[in-house]
Amino acid sequence: MPEIVDLEIFKKNLEKRFKNKKLQKVEIGSGAKIEASEKDFEKALSGKKLKSVDRKAKELYFNFGDDQVVSMHLMLHGQLSTPETLPKAFVAAFLFEGTEPLVLSDYQKAAKISLNPKENMVVDALSDEMTPEWLEAQLKKRRSPVKTVICDPKIIGGIGNAYADEILWEAKIHPESIANQIPAKEVHKLAKAIKSVVNDSIEKIRESNPDIISGEIRDFMVVHNHKRKTSPTGGQIKNATVGSRKTYYTDEQIKY
DNA sequence: AGGCGTGTTCTAAT
DNA sequence: TATTAGAACACGCC
């Protein structure tokens, strides 16, 4: 269940481990939801070196130069690993020269990769386009709960259920606030909280787990954390269902 | 042992 | 038409 924070870490670490490595072969597991065939991958990529790994929303992009890109979405349960030998079930395996294969597995087979996908036009939560003014304009158009809006991958890319709670607590906005009722000043606070919570979390995980390419660290979360009874400022943590997702919040957050 | 959790997409309703 | 609500997916985990 990786969100933007985890993916930023994975991106850096994948780049560190595979940049400039030559791709020999891509193997596709049975039952994987992939449009391109092994042959398509071979034609497009074999012998090419990985140039960079990028991220937009919850998708990773492996850039092999010559405009050849593989996108990867882990969905809920996709996991990356670098085993010495291929496991019996996987979605896709990238065999690089002189190093362990990069394997994407997913027991649910919902994780997806594609070859040269069309660009996802959504505004990424960490991008420069995601300004207070932009967020204000988006929220003005909606009358659903603010948490639903900031988790909507069609509106803003990267934020999932867990970080949404952390961000809304930081901004002191109640998750069920109706998006278009939130005063501009508070929306601006929310935009700042998105960036600061995400960036601070990246830093925390990098300190404690510098090399991970899978799994998610959640133990530092201050409200979306079933081990905690109170927020750092002493507010009792409550829970509710918002947009059919479990939501943690405190009365320190104002409902608009 | 039986819900819960999770991101996205799809359908249906407003 | 555009927006919104809710179901569905699938299964390891507690």
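FYI, side chains are in, hydrogens and waters are out, and symmetry mates aren't considered; it's all heavy atoms of this structure. Letters go in sequence order (proteins before strands), and every chain restarts at 1.
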Chemist: Name the closest nucleotide to the Glu3(A) side chain, picking from dT4(C), dA5(C), dG7(B).
Modeler: dG7(B)

Chemist: Rounded to whole Å, please give me the gap between CG in Leu60(A) and C1' in dG7(B).
Modeler: 14 Å

Chemist: Could you measure the distance from the CG atom of Leu168(A) to the CD1 atom of Ile194(A)? Nearest 0.5 Å is fine.
Modeler: 8.0 Å

Chemist: Kindly point out which of dG5(B), dG7(B), dA10(C) is positioned nearest to the side chain of Gln108(A)?
Modeler: dA10(C)

Chemist: With the threshold set at 4.0 Å, does a side-chain nitrogen-carboxylate oxygen contact exist between Asp165(A) and Lys147(A)?
Modeler: yes

Chemist: Contact class for Lys109(A) (heavy atom, under 4.0 Å): base, sugar-phosphate, or nothing?
Modeler: nothing

Chemist: Check every atom of dG7(B), dT3(C), dA5(C) against the side chain of Pro145(A) and return the nucleotide holding the closest atom.
Modeler: dA5(C)

Chemist: Looking only at side chains, do Glu166(A) and Ser201(A) share a donor and an acceptor under 3.5 Å apart?
Modeler: no

Chemist: Write down the distance between NZ (Lys147(A)) and C1' (dT4(C)), rounded to a whole number of angstrom.
Modeler: 17 Å

Chemist: Hey, which sits more toward the 5' end of DNA chain B by its nearest nucleotide, Pro153(A) or Tyr248(A)?
Modeler: Tyr248(A)

Chemist: Mind calculating the distance between OH (Tyr107(A)) and C1' (dG5(B)) to the nearest angstrom?
Modeler: 9 Å

Chemist: Output yes when at least one side-chain N/O atom of Lys58(A) is less than 4.0 Å from OP1 or OP2 of dT8(B), else no.
Modeler: yes

Chemist: Take the angle between the ring planes of Phe96(A) and Phe64(A) and call it parallel below 30°, perpendicular above 60°, tilted in between.
Modeler: parallel

Chemist: Nearest whole Å is fine: how far is dT9(B) P from Met75(A) CE?
Modeler: 7 Å

Chemist: Expressed in angstrom and rounded to an integer, what is the separation of Glu176(A) atom CD from dA5(C) atom P?
Modeler: 12 Å

Chemist: When you check the gap from the basic side-chain N to the acidic O, do Asp211(A) and Lys16(A) get nearer than 4.0 Å?
Modeler: yes

Chemist: Between Asp106(A) (CG) and dC11(C) (P), how many Å, whole number?
Modeler: 10 Å

Chemist: Answer yes or no: does a side-chain N or O of Arg142(A) lie under 4.0 Å from OP1 or OP2 of dT4(C)?
Modeler: yes

Chemist: In whole angstrom, what separates Asp152(A)'s CG from dT3(C)'s P?
Modeler: 11 Å

Chemist: Counting heavy atoms from C-beta on, name the nucleotide in dT4(C), dG5(B), dT8(B) closest to the side chain of His77(A).
Modeler: dG5(B)

Chemist: Please figure out whether Ser244(A) or Lys141(A) has its closest DNA chain C nucleotide nearer the 5' end.
Modeler: Lys141(A)

Chemist: Round to the nearest Å and state the distance from Lys154(A) atom NZ to dG7(B) atom P.
Modeler: 15 Å

Chemist: Which listed nucleotide (dT9(B), dG7(B), dG12(C)) is nearest to the side chain of His73(A)?
Modeler: dG7(B)

Chemist: If you check every side-chain atom of Lys112(A), which of dT4(C), dG7(B), dT8(B) has the closest atom?
Modeler: dT8(B)

